[in-house]
Amino acid sequence: MNKTILTLFTLFLSVNIFAQQKISGTILDADTKDAIIGASISVKSGSEGVVSDVNGQFELSVSKSLPLTLIVTYIGYRTQEIDIYEAEEAVAVLLNKDYNSLEQVVVIGYGTQKRKEISGAVAAIKGDAVKDIPVQSFEQALQGQAAGVSISLPTGVLNAAPIVRVRGVNSISLSSYPLVVVDGIPVTTGNISTTHASNNPLSDINPADIESIDILKDAASTAIYGSRASAGVILITTRQGKQGRATVSYDGWLGVTNAVRIPEVLNAQQYMDIKNEAIANRNEIAGRNDPDAYFPQYNPDGSLVDTKWRDYIYRTAVSHNHTASVSGGSEKVNYYFSVNYSNQEGFLAGNDFDRKSVRFNLDNKVTNWLRLTGGASYNINTNQSFDSGSLPGESMTTTGATRLALVLPPNVQAYNDDGTFNVNPASNGTLGKGNNTANIPLYNPVSLFALTSNNSENSHFNGNIAITLNFLNRIELKTLYALDRLDHEDNIWGSPNLGSDSYSAKGSATNISDLRQHETWTNTFRFDDRFNNLHHVSLLLGSDLQTNTRSSWGARATQASDDFFEYYQGGWGNITASGNSLGKRVFVSFFTRVSYDFKDKYYITGNFRRDGNSALAIDRKYGNFGGVSAGWVLSEESFFKEHISPEILSDLKLNASWGRVGNGNLSNDYSSYDLYSASLYGNAPTWAISQQGNPELSWETSNQTNIGLNFNTLKNRIHIEFAYFNNNVNGLILNTPQSPSKGIPNNTILANVGSLYNRGVELSIGSEVIARKNLSWNISFNYTYLTNKVTSLAEGNDDIIGATGSGNTNITRVGEPIGSLYGLKSLNVNPENGKRIFLNAAGEKVQYDGISAWHYLDGRQATALTGTDYYVLGNALPKWYGGLNSNLRYKSFELNLRFTYAGGHKVMNRTRSTLTDQIFFNNSTDILRRWTTPGQITDIPRVVNGDRISFGGSLPIAEHVESGDFLRLQNLTFAYNLPSKVFSFAKITSVRIYGQITNVFLLTKYTGVDPEVSANGNSNTTPGIEYNTAGLGRTFTLGLNVKF
Amino acid sequence: MKKFFYKIIANITAGITTLLLIFSCDDSLNTTSETSLSSASIFETTERIEALVNGAYKSLKSSDLYSGRLLHCNDLRGEEFICLTENSLGGGYAWQQNLSSTTGEVNSIWTQAYRVINNANILIDGLAKSEEGLISDELKRNYTGEVRLLRALAYFTLVTTYARPYIDNNGNNKGVPLRLKPESTSANNDLERSDVSVIYQQIINDLDTAELFLPEKYSTALLNTTRAHKNTAIALKTRVYLSKHDFAKVREEARKIVAQNQPPFSAASGVEHRLHDDITTIFSSDYTTTESIFSMPMSASDPPSGSVLATVYNSAPNYALNHTEPGILSNIEWKDTDARRQFVRQKDDLFYLTKYSKVSPAIDYIPVVRYAEVLLNYAEAEARGGDLNKAIALLQAVRHRSDADYSFPANSLTQAEILNTIRIERRIELLGEGFRTTDVLRDLLTFPDKPSRSSYTSREVGPDDEGYVFPLPNNEILTNKLLLQ
């Protein structure tokens, strides 16, 4: 937008002054409080006008008598009318950005376009939307902000990578995470930590440094990124200085987070009663005579031990975040400099995130034909956590805090009477068993928290430099070199003392150093011209060379020579290699884009990219991708103008696009080869096959169609965008299952088999309900409806089974959405005998006796149900989702609400199986509803000690599959802008204070901790499982934005 | 002006094209791994071929097979252990006699045994095709013999775990799929099970060939214990024929390596196998005595992973020895003077097996075949239709090595009782070495119930029980459409 400033200067009007009244004031951006230079201020139904100066100030002499109305306009902003009653007081005018304007500049692949020129599907989000939200990485704050983009947090554990899906799940085996490009360079995404402390490197970007987030959704827009774009592209542009005086700003917040919706569990007495009752029931059924096994423990004062384990695990977390920046510029040089410090606590004990970052961006117009731009950021980012049990693969660990909080026996102490940890020397230092008879195989959280640690630290540099040559205002040559160097170190430590999970290893310390370097060299040639004011032609030619290297190495030391040592560098008896990896991935690409538009009415764009990817098989490395799109601004047509008033309908534009993009985001750099790995047999060197390659491995391709319709209505008050999309993904790279009897490593071979589609519609409605000086109210709403279906799989269309923990929970089957929920079809509890009734594969009702026997309802013996009796239990992907933003401003007050919603899907609440499991686990208070007497109708079967079937302990059951529909008030902000006279003496431009609540409320029938959590994180094939997963916290924030 | 303008464009376009061409050399896309070899170069040197052979051994040593899980499950199904914790992943399902097609060990043991078979098949095929003159024919035969022995042992593991015992229907029940060619593509997923007798025939064929191809001995005691030689094949055959109830063949094979009629027994040719004086030595300090015919070597750099036997039985035990009837520990004929009692430690009212005692790293070698087993195999074959006195002599050799002054009660050595006495001796001698399940199965005996110290309970399982042998793994059922035919 600042580019237009110069243009506006040239439009500067000189005003005749026959002054009776002088009106002065300042024009500011309503969000950033930046001065707006060159806004035009005019008198309604008068002739006087003026534009604002470099400080955003203006002075206007009017001949008309007061009161009068001023009209303030500026390109890209909504026009504002202000009533002036007296001339003495300076007016402050806050202009709101108009994100619906066709003049708005949107960042697209290798360039920018005005919104009206775009005929594909692009969503633009302003950086201010994420600036003040208490998150670690910007994309955690994007829920509900853009149609077609689904974002959810898999857990509230700090820095867990969010699940981001642009127009659905677009792959099965490869990443469905969009390509994230920061200032021209694709960066690493996903969790890179090898420890229990999650590490999403996008958190290295200070959200306050982001100017804009543009999401490319259809192939016509993304094809310019070719082979890596099938899951969409997120373009991050960091802030640049703006011409004008230097602006110094400070943004800070302080937040308090608590966990919400933690299930209620039994107290010690209830626990012992239920568990002993389960033993008695087993005795009765099996004709055994086992004694009680659960007995009370007493405190020194004689009271019953009744440990609330969750109080040791959850905490009230305090976080704070500070960003200071300086920006400004002259005609020649613009600069932006910022520093950030963020210190955030998670609601799980010991979960701490810390970021220190600096960024410097510079834009230097050396001459009228030469321009140098560059930017660099560096940060250090540390996350610490104990095993939260909430990251992928952690659902069933013996150290997972979330599960420990639920299941540990309440009749056992955390600390012994003498203050030492209550641990059991007979079972490797797991939690002491108190007076219960059996050992407890899970650890004591208080000893774990004292005797273990996980730490993941990033040292991350991201920089770029570009030289742009301009000729004749038509031709631009640009060369860009960008470097993203992410140096990451993981440390895991476990004490040799009892109570640590490294006790049997006599202590352990693991260090892994992981260097990921991305380099890009992009050269572009651009030609842009208008002929006869009718034709606008734009041509882009470019090449792109990307080299990603990764080198990680590390070691695990065990046998501490003294329990003093907490670091790998200490004294250790034994050292083995750990976390070694070495790889290189090269992408070589050529691309072109041609755009033509005629009379600002007809737009057509074609783009093409030829992409080479080193990870694919020899002779299959190159792929051709591209797309075409066309737009037609109907409202510019004379027939339209003749018949339809712009007050009713304006800016009507029809878009259509088709394109093909690829996906070659293989996790392994050498996926197509047979690989043999070296190891040892005792001390003898060995080679053995570790990967069966496929010499025909090639790209996944996605054919995407997009049809869009945009218009404004009701005097431009309502802006509506509608889109239909159809993505057909073919040649899916799948781990095709091999019969285990073939002995192929991991029983899989990668192959291009299978296909799926995502089809749906998107609707966005933006409305300027009220726009007065003192009162404005904007609402924007978006809705996406999406269907996902797998249309073919590997040879024979074999199902792909997905597991959570040790049990299968999901199935990817032809004709169903990817990763559907899968398990035993449980029915009701038989009121006669309290047994759970199931359907077997043949559709017959069978019941389980709680011990080992299966019977038909008439008492005949039935065969045991196994994995072959599983049913598809529901679709785990939301069919509809979206958000609603409401921004209300009254005088100096703002009230902003952000709702998100999703639904039409099911979530498997596997945590309920944990909470009702009939082993030593503590149970939720739901168990008090258990069946006890014949005729009783209840949803909880009779408790039988050791029953791992009726309650879903070992195999998932339909009983735990619940609707995932929800509405969440994601964010509520109440802000007050201090009147400028209060602080004008201090040269402060603006001060805004706000209070904010994140995750205010959740309306859902789902009984688990949160319908959005996912035990398997970003996995494509195992979505929709909550399994001992920590929920999302509720955060109260107080914040301050100051501008000098 | 316009002309000039287009000239510039033309020049610049040419420049860009040149720039593009700089990149178009495809070499930059041909990246290869710096840490792994591809199949193209794996058979290129003698060192790599030898390392591939070691790699096949390594796959047998997997924590799912002979360094952990297989042995563990085979012992837990028997009556010798009581369960202390509810740790399903540590063999809890096997201990409960509650295995299903989706149980972890049911799938992982199967998968790993076939990994061994495919590794062996890759080598058999690769050696046959390897460049002329790269390795000597002698070495080629040696390697081929080794991997055929490994293949035989893997098939024996599979057929005794997943198929009905041989004597049930005389080998005419369904066994397991028989794969003798390397698999490297997505083809051939479907393969039906061959009969038990066919699998046995293949095992014997492989072992006979191995005996023929393998060297008499290697240069070091370490190699003699960790790599297969002639006597390894012979020793394994005594186990296979015993399982097949072909007692005459057991005697025939055993005679090759148990040359004497009276103790001390030892092998007359090849590696001079004999019982070591002190059984505790071979589990704690000298892992490569001539008693250890074939063992899984451990080192600090290559310790066992997964369910480490030393951990689950001893250092952080999930299972204690069953000291009540019918656990072998309660047997009054197993005297306190017996050296093998040193493998039992008592804490409070429980007894733990300490045969494997080193942890972190767990560097105790784990035996696959010991000379003591061969003597007991031989004794049993003599007891079942052979020479009773020979059987007694062999039995006593094993007992007296650990309890020199012990004398068996007279009636226990009668023809009527000798088999039971040998069975008891096997349970004492081979406790914790993974023999109990196969010893029960091959004679169609019944697994007794046993007590528990956790909420898990076990049950009695007889030959007619659905859970008598391992169920077929679900992963194979899902992918191999002919498996259940």
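A note on names: the letters A, B, ... follow the listed sequences, proteins ahead of strands, and every chain is numbered from 1. Scope of the values below: all heavy atoms of this structure, side chains included, with no hydrogens, waters or symmetry mates.
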Is it the side chain or the backbone of [X] that comes within 4.5 Å of chain B heavy atoms, both, or neither?
X	value
A/Arg585	neither
A/Ser741	both
A/Ile749	side chain
A/Gln692	side chain
A/Asn746	backbone
A/Asn613	backbone
A/Ala293	neither
A/Asn747	side chain
A/Ile801	side chain
A/Ile279	neither
A/Tyr503	neither

Under-4.0 Å salt bridge between [X] and [Y]:
X	Y	value
B/Arg459	B/Asp465	yes
B/Lys481	B/Glu192	no
A/Asp544	A/Arg610	no

Item to check | The single option from B/Asn189, B/Thr479, B/Asn188, B/Asn480 passing side chain to side chain donor-acceptor pair (under 3.5 Å) against A/Lys742 | outcome: B/Asn189
Mind ranking [options] by heavy-atom pairs under 4.5 Å with chain A and telling me who comes out on top?
options	value
B/Pro317, B/Ser184, B/Ser301, B/Ala362	B/Ser184
B/Met298, B/Arg115, B/Gln112	B/Arg115
B/Pro361, B/Gly104, B/Ser454	B/Pro361
B/Thr457, B/Leu84, B/Thr311, B/Ile117	B/Thr457
B/Val176, B/Val53, B/Thr185, B/Ile477	B/Thr185
B/Ala51, B/Ser39, B/Ala56	B/Ala51

Next on the checklist: B/Asn474 vs B/Thr102, test: side-chain hydrogen bond (donor to acceptor under 3.5 Å, both in side chains). Steps then yes/no.
Outcome noted: CA-CA 5 Å; B/Asn474 197 46; B/Thr102 52; over 6 Å; no
Next on the checklist: When you measure from the side chain of B/Thr226 to the backbone of B/Leu222, do you find a donor-acceptor pair of N or O atoms at a distance under 3.5 Å?
Outcome noted: yes
Checklist entry - Looking only at atom types and distance, does a side-chain atom of B/Gln96 sit under 3.5 Å from a main-chain N or O of B/Gly92, one as donor and one as acceptor? => result yes
Determine the option with the most heavy-atom pairs under 4.5 angstrom with chain B, choosing from [options].
options	result
A/Ala438, A/Ala864, A/Ser508, A/Pro740	A/Pro740
A/Ala505, A/Ala278, A/Gly429	A/Ala505
A/Gly612, A/Ser427, A/Pro441	A/Gly612
A/Asp669, A/Asn424, A/Asn574	A/Asn574
A/Leu955, A/Thr866, A/Asn580, A/Asn428	A/Asn428

Checklist entry - Under 30°, 30 to 60°, or over 60°: which ring-plane class applies to B/Tyr287 and B/Tyr365, parallel, tilted or perpendicular? => result parallel
Next on the checklist: Set out, in order, the CA-CA distance, both residues' side-chain angles and the distance that settles side-chain hydrogen bond (donor to acceptor under 3.5 Å, both in side chains) for A/Ser614 and A/Lys584, then state yes or no.
Outcome noted: CA-CA 8 Å; A/Ser614 65; A/Lys584 183 175 178 183; over 6 Å; no
Next on the checklist: Is there a side-chain hydrogen bond (donor to acceptor under 3.5 Å, both in side chains) between B/Asn318 and B/Thr85? Walk through the geometry before answering.
Outcome noted: CA-CA 5 Å; B/Asn318 290 336; B/Thr85 53; 3.1 Å; yes
Checklist entry - Going through the checks in order, is the side-chain hydrogen bond (donor to acceptor under 3.5 Å, both in side chains) test met by A/Ser589 and A/Asp611? => result CA-CA 4 Å; A/Ser589 318; A/Asp611 236 344; 2.3 Å; yes
Checklist entry - Between the side chains of B/Glu34 and B/Thr32, is a donor N or O closer than 3.5 angstrom to an acceptor N or O? => result no
